[in-house]
S.K.: 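To start, I am sharing the structure in question, which I have written as structure tokens.
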Amino acid sequence: MIKYLLNKMLISMQKKYDYDVTYMQDILSADLNAFFKYLKFQSMAGYRGGLPAAPLYAARLRAILWDDCGPCTQLLVNMALEAGVPANQVSAIVNKDLAALPDELAQIVEFTDLVLAHNPSADDIRPHIRAMWGEQGLIAIAFSISSCRVYPALKYTLGYGKACSRVVVNEQTLTPSDNNRSVTG
């Protein structure tokens, strides 16, 4: 019965976001305890630390783009739009168009990329992040960056990794490539 209810939850997510949940369904089917561990991870991944949606999704989108440019990226784009992040900001985050972003978001985009590259220049931006969003905000950004890397690794490990695909932000199609993204139409 519990598997049935959890699967209904997954199907609901699939319909809501047009996102393939097969890998989660297969985990659920194969090992209920493993699926509960996965759900516990969702708690960390969803931590907001009092941050507004835009800075949170700036970190999440840059982190997911680091390891994935397929369905997980589109899922986060859709979630960011649903959370009220303006489409032009989502596009600028995906494209790393820092000039098109408010300073506080541009700093998070740059900080996230530097953290993922293990570049010590992230140390120069961290105090600004902490001053803007506090210790809780920095922790939420850290959780966002680290947790978004889990999904592509999990999916590729289980054999569900997908090749890069175009990302649609409202009417605009973007083609992510490596770590710098370009607009195609």
Side-chain angles (χ1 to χ4, degrees), residues 2-48 51-96 109 112 116 140-141 143-179 181-185:
I2 188 73
K3 283 187 175 183
Y4 172 78
L5 294 174
L6 291 169
N7 191 49
K8 280 189 70 159
M9 177 189 74
L10 294 175
I11 291 169
S12 175
M13 177 187 177
Q14 180 172 315
K15 289 178 181 172
K16 181 175 182 180
Y17 294 107
D18 190 26
Y19 179 72
D20 184 359
V21 297
T22 305
Y23 78 99
M24 290 184 272
Q25 289 175 311
D26 287 350
I27 294 170
L28 175 62
S29 176
D31 186 343
L32 184 59
N33 285 330
F35 189 79
F36 282 132
K37 299 287 186 196
Y38 176 79
L39 288 181
K40 287 180 182 176
F41 169 72
Q42 298 297 319
S43 175
M44 174 192 160
Y47 180 71
R48 297 186 62 127
L51 281 181
L56 199 64
Y57 279 99
R60 289 176 178 171
L61 283 165
R62 293 308 304 172
I64 201 78
L65 284 164
W66 197 265
D67 291 313
D68 178 79
C69 50
C72 291
T73 301
Q74 185 63 58
L75 176 64
L76 276 181
V77 163
N78 294 345
M79 289 177 160
L81 293 171
E82 179 184 67
V85 181
N88 65 325
Q89 289 184 0
V90 172
S91 295
I93 293 165
V94 170
N95 288 324
K96 197 176 180 182
V109 166
T112 301
L116 292 170
I141 291 167
F143 281 7
S144 292
I145 293 170
S146 55
S147 64
C148 280
R149 302 194 75 191
V150 168
Y151 301 105
L154 176 65
K155 290 176 68 176
Y156 276 92
T157 300
L158 295 175
Y160 297 95
K162 298 284 184 193
C164 290
S165 59
R166 291 182 176 184
V167 176
V168 178
V169 181
N170 282 350
E171 303 294 318
Q172 186 181 24
T173 301
L174 310 172
T175 304
S177 63
D178 293 332
N179 298 318
R181 311 294 175 223
S182 60
V183 178
T184 59

S.K.: Are side-chain heavy atoms of Ile11 and Val21 found at a separation under 4.5 Å?
M.R.: no

S.K.: Pairs under 3.5 angstrom only: tabulate donor-acceptor contacts from the side chains of residues 77-91 to other protein residues two or more places apart or in another chain.
M.R.:
unit_1: Asn78; atom_1: OD1; unit_2: Gln74; atom_2: NE2; d: 2.9
unit_1: Asn78; atom_1: ND2; unit_2: Gln74; atom_2: O; d: 3.4
unit_1: Glu82; atom_1: OE1; unit_2: Tyr17; atom_2: OH; d: 2.5
unit_1: Glu82; atom_1: OE2; unit_2: Lys16; atom_2: NZ; d: 3.1
unit_1: Glu82; atom_1: OE2; unit_2: Tyr17; atom_2: OH; d: 3.4
unit_1: Ser91; atom_1: OG; unit_2: Ala87; atom_2: O; d: 3.2
unit_1: Ser91; atom_1: OG; unit_2: Gln172; atom_2: OE1; d: 2.9

S.K.: Quick one, Ile145 and Arg62 - any side-chain contact, counting heavy atoms below 4.5 Å?
M.R.: no

S.K.: So which atom in Pro55 and which in Leu51 form the shortest heavy-atom distance, rounded to 0.1 Å?
M.R.: CG-CD2, 4.3 Å

S.K.: Rounded to the nearest 0.5 Å, what separates atom NZ in Lys40 from atom CZ in Phe36?
M.R.: 9.0 Å

S.K.: Given side chains that start at C-beta, do those of Leu6 and Leu32 come closer than 4.5 Å, heavy atoms only?
M.R.: yes

S.K.: So Leu10 and Phe35, do their side chains get closer than 4.5 Å, heavy atoms only?
M.R.: yes

S.K.: Measure the CG-OG distance between Asn7 and Ser12 for me, rounded to the nearest 0.5 Å.
M.R.: 11.0 Å

S.K.: To the closest 0.5 Å, what do you measure between CE (Met24) and CG (Leu154)?
M.R.: 9.0 Å

S.K.: Can you tell if the side chain of Ile64 reaches within under 4.5 Å of the side chain of Leu75, non-hydrogen atoms only?
M.R.: no

S.K.: Would you say that Asp20 contacts Pro71 through its side chain, given a criterion of any heavy-atom pair below 4.5 Å between the two side chains?
M.R.: no

S.K.: State the CD1-OG1 distance between Ile141 and Thr112, to the nearest 0.5 angstrom.
M.R.: 7.0 Å

S.K.: Taking the six-membered ring for Trp, are Tyr151 and Tyr160 ring centroids under 6.0 Å apart?
M.R.: no

S.K.: To the nearest 0.5 Å, what is the distance between CZ on Arg60 and OG on Ser144?
M.R.: 4.0 Å

S.K.: Less than 4.5 Å apart, side chain to side chain, heavy atoms only: is that true for Arg149 and Leu116?
M.R.: yes

S.K.: To the nearest 0.5 Å, tell me how far Tyr19 OH sits from Leu76 CG.
M.R.: 8.5 Å

S.K.: Is it the case that the side chain of Lys3 and the backbone of Ser29 share a donor-acceptor pair, with hydrogens and angles ignored and the cut-off at 3.5 Å?
M.R.: yes

S.K.: Let me know which of Val167, Leu56, Ile93, Val109 forms a side-chain contact (heavy atoms from CB on, under 4.5 Å) with Leu61.
M.R.: Ile93

S.K.: Within a strict 4.5 Å, meaning less than it, do heavy atoms of the Met9 and Leu28 side chains meet?
M.R.: no

